Amino acid sequence: MADSPEVVSAKAALRESLLAGRAARSPAARSAAAEALAAVLAERLGGSSVVAAYVPAAEEPGVGRLPGALPGRLLLPVVPARGRELSWTEHDGRLAPGRFGLLEPTGPRLPPGALAAADVVVVPALAVAADGTRLGRGGGFYDRALVHARPGVTVVAVVFDEELVAELPAGPHDRRVTAVVTPSAGWWQLD
Ligand SMILES: Nc1nc2c(c(=O)[nH]1)N(C=O)[C@@H](CNc1ccc(C(=O)N[C@@H](CCC(=O)O)C(=O)O)cc1)CN2
Ligand SMILES: Nc1ncnc2c1ncn2[C@@H]1O[C@H](COP(=O)(O)OP(=O)(O)OP(=O)(O)O)[C@@H](O)[C@H]1O
């Protein structure tokens with residue numbers, strides 16, 4: 001079942017204002033936030049052997065410090081030329097621009113089900129609610145990807161402080177995160 005028209009328009013309005021907030025942040029504020037986020041994630045994920053993460057774009061929290069600060073073998077997403085199922089590639093240090101201008105790994109692609117190898121999944125979000133509801137960019141990529149995560153693994157979203165909110169609109173496909181990190185609040189367990 002698709003999102004209702006009310007949920008679709010509520011999400012669109014929220015995305016617009018959250019993206020404007022991100023665009024307004026200075027480069028210095030972005031690097032200070034990235035420093036803090038990287039420190040919390042490195043500490044909390046210390047014992048993990050396989051971590052799925054992503055490469056933040058310039059306006060996203062963690063830019064420049066993720067995924068490099070994360071431990072273990074790293075799986076990074078590759079946006080497909082067609083469709084909305086993310087593929088995965090094990091990070092070997094090499095990145096090149098892909099769809100939407102996002103940096104992506106260049107090595108061999110693994111199928112969507114490769115996410116099942118991850119002990120922890122670090123996900124991008126525009127906002128996260130106290131009940132774990134996540135608002136993304138609107139592609140539905142992560143809602144589809146998280147179907148392949150092993151049940152019970154930690155799914156942690158990375159947001160700026162004011163993007164951890166009381167509530168968010170949710171549709172039938174939305175997958176909840178189990179934790180969230182923000183630069184000032186650190187790690188919040190939500191499940
Ligand atoms: N760093 C990072 N990597 C990520 C995500 C992310 O949010 N951040 N994704 C999280 O899912 C996936 C990519 N999803 C994305 C979905 C939409 C847009 C985007 O810019 N959409 C345009 C519309 C462009 C179009 O449809 O042609 C827009 O929002 O204006 C970008 C990434 C996988 N990798
Ligand atoms: N597992 C799924 N199967 C089919 N459709 C889905 C699935 N997950 C999401 N969708 C659809 O994809 C569209 C976008 O979903 P949504 O608005 O939740 O994206 P998002 O979580 O913000 O984006 P992203 O995951 O790319 O960051 C919606 O129309 C939603 O109904």
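Because the structure is predicted, anything quoted here is derived from the model rather than measured. All ligand and atom numbering here is 1-based and tracks the order in the structure.
When the options H173, R137, K11, R144 are ranked by their closest heavy atom to atom 12 (O) of ligand 2, first place goes to R144. The heavy atom nearest to atom 25 (C) of ligand 1, out of those in F100, F141, Y54, is found in F100.
For the pair E60 and ligand 1, the shortest N or O to N or O distance falls below 3.5 Å. For ligand 2, the polar-atom distance check finds no N/O of A2 at less than 3.5 Å from any of the ligand's N/O atoms. Taking only nitrogen or oxygen atoms, main chain and side chain alike, Y142 does not reach within less than 3.5 Å of ligand 1.
Contact atoms of ligand 1 toward P124: 5 (C), 6 (C), 7 (O), 8 (N), 10 (C) (distance under 4.0 Å to a heavy atom of the residue). For ligand 1 and V79, the ligand atoms under 4.0 Å from any heavy atom of the residue are 13 (C), 33 (C). Every atom of ligand 1 is numbered from 1 in the order shown, and the set under 4.0 Å from a heavy atom of P56 is 1 (N). Residue D174 has at least one heavy-atom neighbour below 4.0 Å for each of these atoms of ligand 2: 18 (O). In the vicinity of L86, heavy-atom distances shorter than 4.0 Å reach the ligand 1 atoms 33 (C). Close approach to L102 involves these atoms of ligand 1, each under 4.0 Å from a residue heavy atom: 1 (N), 2 (C), 3 (N), 4 (C), 13 (C), 32 (C), 34 (N).
Shown here, atom 32 (C) of ligand 1 is in close reach of the protein: a heavy atom of it lies under 4.0 Å off.
Each of P124, P61, P183 was scored for a side-chain contact (heavy atoms from CB on, under 4.5 Å) with V158, with one residue passing: P61. Shown are L75, L76, D92; of these, the side-chain contact (heavy atoms from CB on, under 4.5 Å) with P105 is made only by L76.
Ionic pairing of E90 and R73 is present here: one or more N-O contacts between side-chain nitrogen and carboxylate oxygen are shorter than 4.0 angstrom.
Residues V121 and L146 approach most closely at CG1-CD2, 4.0 Å, considering heavy atoms. A pairwise comparison of heavy atoms in A145 and L115 identifies O-CD2, 3.3 Å as the closest pair. Considering all non-hydrogen atoms of both residues, V123 and Y54 come closest at C-CE2, 3.4 Å. Taking both residues in full, the closest heavy atoms of R65 and A34 are given as CG-CB, 3.6 Å, listed atom of the first, atom of the second, then distance.
With contacts defined as side-chain heavy-atom distances shorter than 4.5 Å, the pair L86/R144 does not qualify.
No heavy atom of G136 sits closer than 4.0 Å to any atom of ligand 1. Using a non-hydrogen distance threshold of 4.0 Å, R15 registers as a contact of ligand 2.
Protein heavy atom closest to atom 28 (C) of ligand 2, with residue, atom name and distance, is D3 OD2, 4.2 Å. At the top of the distance list for atom 14 (C) of ligand 2, counting protein heavy atoms only, stands G138 O, 3.4 Å. Nearest protein neighbour of atom 16 (C) of ligand 1, counting heavy atoms only, is R137 CB, 3.7 Å. Protein heavy atom at the shortest distance from atom 19 (O) of ligand 2 is G140 N, 3.2 Å. Nearest protein heavy-atom contact of atom 25 (O) of ligand 2 is Y142 N, 2.8 Å.
For the 3.5 Å distance criterion, the side chains of D119 and S48 fail to qualify, holding no donor opposite an acceptor.
Counting non-hydrogen atoms of neighbouring residues, nucleotides and ligands closer than 6.0 angstrom, the CD atom of E59 exceeds 12 such neighbours. Other residues, nucleotides and ligands contribute only 12 or fewer heavy atoms inside 6.0 Å of the CD atom of E16.
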Checklist entry - Under the salt bridge (Lys or Arg N to Asp or Glu O under 4.0 Å) criterion, do D174 and K11 qualify, and how do the steps go? => result CA-CA 12 Å; D174 285 319; K11 284 182 173 182; 2.9 Å; yes

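Interatomic distance, CG of L126 versus CD of E60, reported as 7.5 Å (0.5 Å rounding).
The part of R134 lying near ligand 2 is the side chain, judged by heavy-atom distances below 4.0 Å. Under 4.0 angstrom from ligand 1, the non-hydrogen atoms of V55 all belong to its backbone. Residue-level proximity to ligand 2 for V8 is absent, since no heavy atom of it falls below 4.0 angstrom.
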